[in-house]
Amino acid sequence: MAMIERDGLDDLIGALRRRGYGTVGPVLRDGAIVYDEITSSAELPEGWTDRQDGGTYRVEPRSDDALFGYAVGPHSWKRFLHPPRLRLFKARRNGGESGFEISEEPEEEAPRYAFIGVRSCELHAIAIQDRVMAGGSFPDPAYVSRRQGAFIVAVNCGQAGGTCFCVSMETGPRAEFGFDLALTEVLEDGRHYFTVEAGSEAGSEVLAEVGTRSAEATEREASLAASARAAAEMGRELETEGLRELLERNREHPRWDEVSERCLTCGNCTMVCPTCFCTTVEDVTDLSGEEAERWREWDSCFSLDFSHLGGGSVRSSSRSRYRQWMTHKLGTWWDQFGTSGCVGCGRCITWCPVAIDITEESAAIRATDGATPRKEQR
């Protein structure tokens with residue numbers, strides 16, 4: 001474990017940019033902490049934190065100058081690796097025998113990103129996306145090209161948000177894998193510094209360009225204490241023992257009716273989720289009819305058209321759509337990909353307009369396991 005001073009963060013950003021990376025990190029914009037391109041540490045949300053609860057998100061001033069003193073915002077790194085909108089191909093009339101020609105070449109090369117400030121729960125989310133988008137027999141070339149060129153600077157959490165439950169999901173708050181460098185921010189006794197660990201050869205090479213020294217015992221202890229403090233501050237918890245089986249045998253539980261009475265099926269939970277991956281395809285043409293393009297866009301299982309087959313939608317009720325999302329995320333995801341689809345970031349709770357809480361819904365079903373379906377009650 002090495003140590004860099006507060007000013008050394010600019011040296012780190014500079015070293016990454018010299019290697020051709022576009023550096024992306026947290027910025028304060030439009031009342032939220034989001035991810036966007038940065039060129040220096042001055043653009044980070046210094047002295048700001050977030051307050052989160054069900055259906056509630058606010059940014060507030062901190063009592064110190066922490067750069068990473070917040071939980072997570074509405075953005076996830078998914079938007080850079082698996083863009084919300086991506087052109088798949090373009091077709092143009094050519095007057096030849098075929099009548100048109102198709103170009104699948106991208107307009108530009110996939111960007112090389114260096115992500116700065118990736119939380120442990122988000123590292124787990126990227127690993128899940130890797131299995132979904134880059135694993136198997138048909139990897140997604142757009143995802144793979146972005147993922148292979150990415151450099152990840154993780155930041156270990158020093159505080160938890162009001163909707164965080166990464167401890168329950170064993171996904172944080174301290175990064176254990178999937179990073180090139182991992183930072184822990186420490187502010188104590190008038191000092192502001194970072195401990196840093198290298199997780200790859202590329203990380204070690206970048207770190208060699210930054211002014212560091214070996215962390216002293218007290219500095220290592222302060223780093224570990226920050227993570228322990230975050231672990232003790234979880235705003236939520238989720239009992240995961242037997243959860244897949246619990247949801248499977250309670251597919252007709254009356255709780256699904258109760259939550260559907262509140263659910264707006266707006267899809268916010270799927271849009272902010274760092275692991276949801278569903279998309280739809282849309283074809284567009286210009287006014288002359290000379291060119292057409294096919295675009296891929298994020299979609300949601302809360303959309304009525306998402307499950308539309310011949311004859312109508314398979315899941316026409318909000319009850320069935322919420323049940324599909326939750327049972328897949330916490331249960332049948334295991335069958336497909338060998339893990340849970342939830343990393344405990346709490347975004348779905350924070351950004352739900354009516355504050356539906358996945359941990360609360362799970363607990364309610366567990367507490368009344370095997371309850372009689374409402375339609376059978378008299």
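Just so we're clear, the structure is a prediction, and the values are computed from it rather than from any experiment.
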*Are Leu86 and Trp77 in one and the same hydrophobic cluster, where Ile, Leu, Val, Met, Phe, Trp and Tyr link if side-chain heavy atoms are under 4.5 Å apart?*
no

_Are Trp351 and Trp325 linked, directly or through intermediate hydrophobic residues, by side-chain heavy-atom contacts shorter than 4.5 Å (ILVMFWY only)?_
no

_Ser120 to Gly172 - nearest heavy-atom pair and separation_ = OG-CA, 3.5 Å

_Parallel, tilted or perpendicular, judged at 30° and 60°: which one describes the rings of Phe80 and Phe115?_
tilted

_Ala222 to Val186 - nearest heavy-atom pair and separation_ = CB-CG1, 3.9 Å

*Can a donor-acceptor pair be found between the side chains of Thr39 and Glu43 at a distance below 3.5 Å?*
yes

*Mind checking the CZ-SG spacing from Phe306 to Cys301? Nearest 0.5 Å is all I need.*
6.0 Å

*Heavy-atom pair of closest approach, residues Ser362 and Met326*: OG-CE, 3.1 Å

_Students often mix this up, so state it plainly: with edges at 30° and 60°, are the rings of Phe177 and His124 parallel, tilted or perpendicular?_
perpendicular

_Donor + acceptor pair across side chains of Ser223, Arg174 (<3.5 Å)_ = yes

*Results of salt bridge (Lys or Arg N to Asp or Glu O under 4.0 Å) for Asp36 - residues two or more places apart only*: Arg29

Please tabulate, for side-chain N and O atoms in residues 62-70, each donor-acceptor pair with protein atoms closer than 3.5 Å (sequence neighbours left out).
| residue | atom | partner | partner atom | Å |
| --- | --- | --- | --- | --- |
| Arg62 | NE | Asp64 | OD1 | 2.7 |
| Arg62 | NH1 | Gly69 | O | 3.0 |
| Arg62 | NH1 | Gln159 | OE1 | 2.7 |
| Arg62 | NH2 | Asp64 | OD1 | 3.3 |
| Arg62 | NH2 | Asp64 | OD2 | 2.9 |
| Asp64 | OD1 | Ala66 | N | 3.1 |

*Given the rule that I, L, V, M, F, W and Y join up when any side-chain heavy atoms are under 4.5 Å apart, are Leu28 and Leu44 in one cluster?*
yes

*With a distance cut-off below 6.0 Å to the six-membered ring centre and an angular limit of 45° from the axis, does Arg294 pair with Phe89 as a cation-pi contact?*
no

_Regarding Ser317 and Ser320, do their side chains bring together a donor and an acceptor under 3.5 Å, going by distance alone?_
yes

*Report the distance from atom CD1 of Ile365 to atom OG1 of Thr327, rounding to the nearest 0.5 Å.*
9.0 Å

*Neighbour count above 12 (heavy atom, 6.0 Å) for Glu290 CD*: yes

*Taking a hydrophobic cluster as the set of Ile, Leu, Val, Met, Phe, Trp and Tyr residues connected by side-chain heavy atoms closer than 4.5 Å, whether directly or through intermediates, do Val153 and Val27 fall within one such cluster?*
yes

*Counting only heavy atoms not in Glu241, do more than 12 sit closer than 6.0 Å to its CD atom?*
no

*Apply ring-ring contact (aromatic ring centres under 6.0 Å, His included) to His328 and list each qualifying residue two or more places apart in sequence or on a separate chain.*
Trp333

*asked:* Hydrophobic clustering (ILVMFWY, side-chain heavy atoms < 4.5 Å, transitive) - are Leu123 and Met169 grouped together?
replied: no

*If we only count heavy atoms from C-beta on, is the Arg255 to Thr368 side-chain gap below 4.5 Å?*
no

Please tabulate, one pair per line, all N/O donor-acceptor pairs under 3.5 Å involving side-chain atoms of residues 160-167, not counting sequence neighbours.
| residue | atom | partner | partner atom | Å |
| --- | --- | --- | --- | --- |
| Thr163 | OG1 | Gly346 | O | 3.2 |
| Thr163 | OG1 | Thr350 | OG1 | 2.8 |

Show me the donor-acceptor pairs within less than 3.5 Å that the side chains of residues 11-18 make with the rest of the protein, sequence neighbours left out.
| residue | atom | partner | partner atom | Å |
| --- | --- | --- | --- | --- |
| Arg17 | NH1 | Thr23 | OG1 | 2.9 |
| Arg17 | NH1 | Ile38 | O | 3.3 |
| Arg18 | NH2 | Glu209 | OE1 | 3.1 |

Under 3.5 Å, which donor-acceptor pairs link side chains of residues 126-142 to any protein atom two or more places apart or in another chain?
| residue | atom | partner | partner atom | Å |
| --- | --- | --- | --- | --- |
| Gln129 | NE2 | Thr275 | O | 2.8 |
| Asp130 | OD1 | Tyr143 | OH | 2.6 |
| Asp130 | OD1 | Arg147 | NE | 2.9 |
| Asp130 | OD2 | Arg147 | NE | 3.2 |
| Asp130 | OD2 | Arg147 | NH2 | 3.2 |
| Arg131 | NH2 | Thr339 | OG1 | 3.3 |
| Asp140 | OD1 | Arg296 | NH1 | 2.6 |
| Asp140 | OD2 | Ala142 | N | 3.4 |
| Asp140 | OD2 | Tyr143 | N | 2.8 |

_Donor-acceptor side-chain pairing of Asp180 and Ser200 below 3.5 angstrom_ = yes

*Leu9 and Ser41: which non-hydrogen atoms are nearest, and at how many Å?*
CD2-CB, 4.1 Å

*Might you point out which heavy atoms bring Ala71 and Arg119 nearest each other, and give the distance in Å?*
O-NE, 3.6 Å

_Closest approach of Pro83 to Arg146 (non-hydrogen atoms, all atoms of both residues)_ = CG-NE, 3.6 Å

